[in-house]
Protein chains: 2
Amino acid sequence: MAVPPAPSVADPVATAAARVSKHDTRRDQLAESALTTLGQLGYAKTSLREIAQHSPYSHGVVHYYFSNKEELITYCVRYYKRTCVTRYDEIVSSSETAEELQSRFAAKLAETIREEGPMHQLWYDLRNQSMFEPALREVVLEIDGQLEAMIWRVISRYADLAGRPAALDPSTTYGMLDGLFAQSLLSWATGPREAREDVLAVLSARVDTLMPSLLA
Amino acid sequence: MAVPPAPSVADPVATAAARVSKHDTRRDQLAESALTTLGQLGYAKTSLREIAQHSPYSHGVVHYYFSNKEELITYCVRYYKRTCVTRYDEIVSSSETAEELQSRFAAKLAETIREEGPMHQLWYDLRNQSMFEPALREVVLEIDGQLEAMIWRVISRYADLAGRPAALDPSTTYGMLDGLFAQSLLSWATGPREAREDVLAVLSARVDTLMPSLLA
DNA sequence: CCCGATTCTTGACGACTGTCAAGGAAATCT
DNA sequence: AGATTTCCTTGACAGTCGTCAAGAATCGGG
């Protein structure tokens with residue numbers, strides 16, 4: 001993951017740096033444990049003890065690496081975001097026709113629910129909680145903006161490939177697609193397990209047929 | 001609100017009915033107190049004691065009228081729904097041209113955020129919590145279906161007035177519009193108060209310009 | 001190998017939660 | 001009027017929460 005700690009030498013700078021990196025590695029490790037717990041239980045029902053139980057450590061260690069529950073949570077969200085907001089960039093850069101981008105994007109939307117469903121549930125949970133908890137607003141606003149930009153990279157590239165301009169502004173486009181995504185996620189998460197693949201197929205089909213009308 | 005209790009007469013049927021109606025009136029009264037609390041604090045941070053504090057009673061009374069917290073919550077949601085899922089029906093029945101329905105619907109979407117913002121925040125909160133809490137799924141699914149039907153009454157009437165068929169199925173249409181609505185609600189709830197009217201104006205404008213493309 | 005710093009565990013605290021039982025207050029009935 | 005049912009308050013319970021302090025375990029440099 002990160003660089004392994006340097007072998008012990010009498011270099012106070014290097015060892016101090018290794019220390020810092022180890023400290024950060026532990027924070028990331030705890031963040032990962034926290035994220036799986038949060039994805040399973042949701043923001044409200046996730047306690048620090050529960051997070052610690054999904055990690056190799058005991059519940060007290062959280063306060064050694066994070067001063068607050070709040071700090072842990074926001075650190076988690078940013079950690080999660082790091083890997084998340086570039087999800088479609090490979091598709092954007094490697095697709096060579098509008099049709100290819102369209103169908104691969106539609107398929108990828110469904111795939112990310114299948115592969116990372118709980119993480120998306122957590123995101124929508126946190127985004128909603130930010131309406132009640134001011135402490136979450138800053139980080140939610142930041143990530144929401146990045147998600148909008150991510151979607152806009154797809155759509156503007158799509159417009160380029162098709163040789164037609166986008167019909168809507170970035171925010172409206174994001175709002176609509178996000179609505180469809182959230183709708184499918186909800187029914188994926190709450191419906192019967194046997195129906196999950198059908199839900200994802202429907203999402204793909206919808207986005208696939210909808211995308212042409214996002215261009216003028 | 002409900003019929004006032006009948007004056008005391010020696011009619012066991014009437015008095016029993018009055019008793020029941022009084023019992024139900026109290027339940028509704030508690031539900032209303034609970035809804036304002038839930039709308040302010042969100043599902044996670046609302047305790048029974050907090051609900052009671054927003055009502056004329058003490059915290060123990062909740063268990064006299066409801067057996068569970070869960071029963072109270074689901075009762076609240078259904079109670080709220082009663083007045084809610086017909087919000088656009090007056091517009092649907094009284095609009096005489098597609099253009100009128102379009103602009104009045106767009107305006108009403110914004111108005112309901114302005115007038116009942118916290119209730120909508122609560123709805124999205126509960127809908128999300130249903131992904132983590134199976135107990136909420138039944139009632140959420142039921143109301144979500146009614147909301148979809150409500151939106152579809154608007155759009156199908158809109159299509160009739162315009163003399164063109166709807167371009168999308170009810171579920172997709174609902175998902176898209178709901179996404180835009182939720183997006184505006186989020187920024188209405190978390191943004192600065194001075195910007196609220198702007199947010200609502202943007203929502204109205206977006207829906208207004210988007211609606212024609214919902215027809216084939 | 002030993003000492004000091006770092007890392008982690010354990011146990012405790014005050015506060016809060018849903019739930020419930022006991023009993024007082026109020027309304028109703030005879 | 002008294003008796004009885006209904007309504008509501010109070011106080012307590014077992015449990016969980018975030019937080020923190022004290023000390024054990026572990027690790028690295030001399």
Side-chain angles (χ1 to χ4, degrees), chain A residues 4-30 33-34 37-38 41-76 129 133 135, chain B residues 4-30 33-34 37-38 41-76 133 135-136:
Chain A
S8 64
V9 288
D11 182 347
V13 175
T15 54
R19 215 177 282 297
V20 168
S21 119
K22 176 163 190 182
H23 194 84
D24 282 5
T25 301
R26 275 283 187 285
R27 282 168 68 98
D28 289 355
Q29 192 177 351
L30 277 174
S33 303
T37 312
L38 285 162
L41 302 182
Y43 176 75
K45 300 205 287 190
T46 295
S47 67
L48 296 181
R49 283 169 174 82
E50 196 80 33
I51 291 174
Q53 230 162 1
H54 284 75
S55 85
Y57 307 103
S58 69
H59 74 270
V61 85
V62 177
H63 279 272
Y64 185 75
Y65 289 102
F66 298 93
S67 60
N68 268 341
K69 185 183 186 182
E70 177 195 318
E71 193 197 323
L72 169 62
I73 300 286
T74 59
Y75 185 87
C76 284
Q129 293 308 314
E133 187 129 7
Chain B
S8 65
V9 287
D11 182 348
V13 175
T15 55
R19 214 178 283 297
V20 168
S21 120
K22 176 164 190 180
H23 194 84
D24 281 6
T25 301
R26 275 284 186 284
R27 282 167 68 99
D28 289 356
Q29 192 177 351
L30 277 173
S33 304
T37 312
L38 286 163
L41 303 182
Y43 176 75
K45 300 205 285 188
T46 296
S47 66
L48 296 181
R49 283 170 174 82
E50 197 80 33
I51 291 174
Q53 232 163 1
H54 284 74
S55 84
Y57 307 103
S58 69
H59 74 271
V61 85
V62 177
H63 280 272
Y64 186 75
Y65 289 102
F66 298 93
S67 61
N68 268 341
K69 184 184 186 181
E70 177 196 319
E71 193 198 321
L72 169 61
I73 299 286
T74 58
Y75 185 87
C76 283
E133 186 129 10
L136 290 174

Whole Å only: how far is the OH atom of Y65(A) from the P atom of dT19(D)? 18 Å
Report yes if some heavy atom in the side chain of T74(B) is under 4.5 Å from a heavy atom in the side chain of N68(B); otherwise report no. no
Once rounded to the nearest 0.5 Å, what's the spacing between atom CG of D28(A) and atom CZ of R26(A)? 11.5 Å
If you compare every side-chain N and O of R26(B) against the phosphate oxygens of dC8(D) (OP1, OP2), does one of them come in below 4.0 Å? yes
What does the B/S/- profile of nucleotides 15-21 of chain C look like, 5' to 3', with a 4.0 Å heavy-atom cutoff to protein? --SBB--
Starting at atom NE2 of H23(B), determine the distance to atom P of dT28(C), rounded to an integer number of angstrom. 16 Å
First locate atom OH of Y57(B), then atom CG of L30(B), and finally report the distance between them rounded to the nearest 0.5 Å. 7.0 Å
Rounded to the nearest angstrom, tell me the gap between atom CG in L30(B) and atom P in dC7(D). 12 Å
Y64(B) OH to dG24(C) P: how many Å, rounded? 17 Å
Where P56(B) and Q29(B) come nearest, the two heavy atoms and their spacing: CG-NE2, 3.8 Å
Give every donor-acceptor pair under 3.5 Å between a side-chain atom in residues 43-51 of chain B and any protein atom, sequence neighbours left out.
{"residue": "T46(B)", "atom": "OG1", "partner": "G42(B)", "partner atom": "O", "Å": "2.6"}
{"residue": "S47(B)", "atom": "OG", "partner": "E50(B)", "partner atom": "N", "Å": "3.2"}

From L136(B) atom CG to E70(B) atom CD, the distance as rounded to the nearest 0.5 Å: 7.5 Å
Specify the separation, in whole Å, of atom CG of D24(A) and atom P of dT7(C). 11 Å
Pairs of donor and acceptor atoms involving the side chains of residues 58-67 of chain B, under 3.5 Å and at least two apart or interchain, shall be tabulated with distances.
{"residue": "S67(B)", "atom": "OG", "partner": "E71(B)", "partner atom": "OE1", "Å": "2.6"}

What is the separation between atom OH on Y43(A) and atom C1' on dC17(D), rounded to the nearest whole Å? 13 Å
Using C1' atoms of five pairs at each end, report the bend of the helix from dC1(C)-dG30(D) to dT30(C)-dA1(D) rounded to 10 degrees. 10°
If you measure from CD1 on I73(B) to CD on E133(B), what distance do you get to the nearest 0.5 Å? 9.0 Å
From dT9(C), dC8(D), dT9(D), pick the nucleotide closest to the side chain of V61(A)? dT9(C)
